[in-house]
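Just below is one structure, and these are the notes that go with it.
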Amino acid sequence: MIFTKSARLQQLPPYLFLELDRMKAEVRKKGVDIIDLGIGDPDLPTPKFIVERMLDSVQKAQYHRYPSSRGMLSFRKAAAEWYKKRFNLSFDPASEVVVLIGSKEGIAHFPFAFVDPGDVVLVTTPGYPVYNIGTLFSGGKTYYLPLIAENDFLPDLDSIPDDIRKRAKILWINYPNNPTAAVAPPEFFARVVHFAKENNIIVCHDNAYSEMTYDGYIAPSFLETAGAKEVGLEFHSLSKTYNMTGWRIGFAVGNPELIGPLAQVKSNMDSGQFEAVQEAGIAALESDQSCIRKMQEIYSERRDILVSGLQDLGLDTPVPKATFYIWTPVPKGYTSKDFSSLLLEQAGVVCTPGNGFGQSGEGYVRMALTVSKERLAEAVERFRQIL
Ligand SMILES: *Cc1c(COP(=O)(O)O)cnc(C)c1O
């Protein structure tokens, strides 16, 4: 037998971290105590009250049957209530909210609802790879919008040529941003709404990091922007907010004419998330949110240790207002890959070369604040010895 992978899979970009994974395994084999700042996955456990709701729920026979692909109405109500409390925005739980098996699932599936072969999808780069992958799987073509420091890591919408605007169906944006840790001012979102209306383009805002903010900064919802609900929807995740990456629970809210077709795709692809997990998600959304403040304190302490350490060593590292990423330019004379290889081989610290998130990420590395303060201080000390 010869198994030929579909053109769909064959066209996927090469996995850029292969080389890094190999080097990591080699360094580990030598017995080096590796500090891994490579992965954007919270190291802290899910808050206990959420786990306890799961323990209760898993015993309930009513949750053992197929869920609905749109999600439990009680979850959709809790998500709508959370948006009301957090952003003062109202959504109809019946038609304007859909539960997702992690927001990645919704992000990957959304283009199936609106993109035909030949359509263009506008994707910011460097960025979360799934915007491009979902586009490719649905037969669309990705047009990349570079995020560069000179533009505060916001895309230059004016630079998009007319023929691309005409063929574009979707614009993906993500603020607070992974991997650049940039945040968006309200004027930018207003500009996006104007652009979307002018060109008849759907706006998908990925708000996975809205709660991971520091120094009093409060991230907005894109849907707070005047006219935003006419053009778009917002993806939200419980993964980073409540340390629930393993649970696979998220949701999307927004224009019912966008939420409906996404739910229609899902009803043909999956049967929704286990209702006990949704029940645990309800516990998270309905809680007093004090666990979020604790998380913010922990990450901001870690951020200060790593950023001031890097700055002391002469790196031009900005202090991020949000996310658990440090996006730092590499020292002169290095590429992203050279610098991350040096840190791994000489210091035993793993970070991610910026070009792994797209060519525009060249010249940067991303470090995730997903290890303890002590380990970050240790990483800084090791950097000091080699830089
Ligand atoms: C982590 C992350 C997500 C999503 O996560 P799920 O666990 O699938 O909800 C979405 N977008 C970005 C930019 C992320 O970094």
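First listed ligand is number 1; within each ligand, the first listed atom is number 1.
By the 4.0 Å N-to-carboxylate-O rule, Glu105 lies too far from Arg248 to be salt-bridged with it. Checked for salt-bridge contact, Asp41 and Lys240 miss the test: no charged N lies under 4.0 Å from a carboxylate O. A salt bridge links Glu381 with Arg384; the closest basic N to acidic carboxylate O contact falls under 4.0 Å.
At a cut-off of 3.5 Å, with distance as the only test, a side-chain donor of Tyr242 or Gln289 sits close to an acceptor on the other residue. If you check the side chains of Thr46 and Asn243, you find no donor sitting under 3.5 Å from an acceptor.
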Problem set entry | Intermediate values then yes/no, salt bridge (Lys or Arg N to Asp or Glu O under 4.0 Å), Arg167 and Asp162 | CA-CA 9 Å; Arg167 288 161 58 205; Asp162 275 343; over 6 Å; no
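Within 4.0 Å of ligand 1, contacts by protein heavy atoms are made from Gly102, Ser103, Lys104, Tyr128, Tyr131, Asn174, Asn178, Asp206, Ala208, Tyr209, Ser237, Ser239, Lys240, Arg248.
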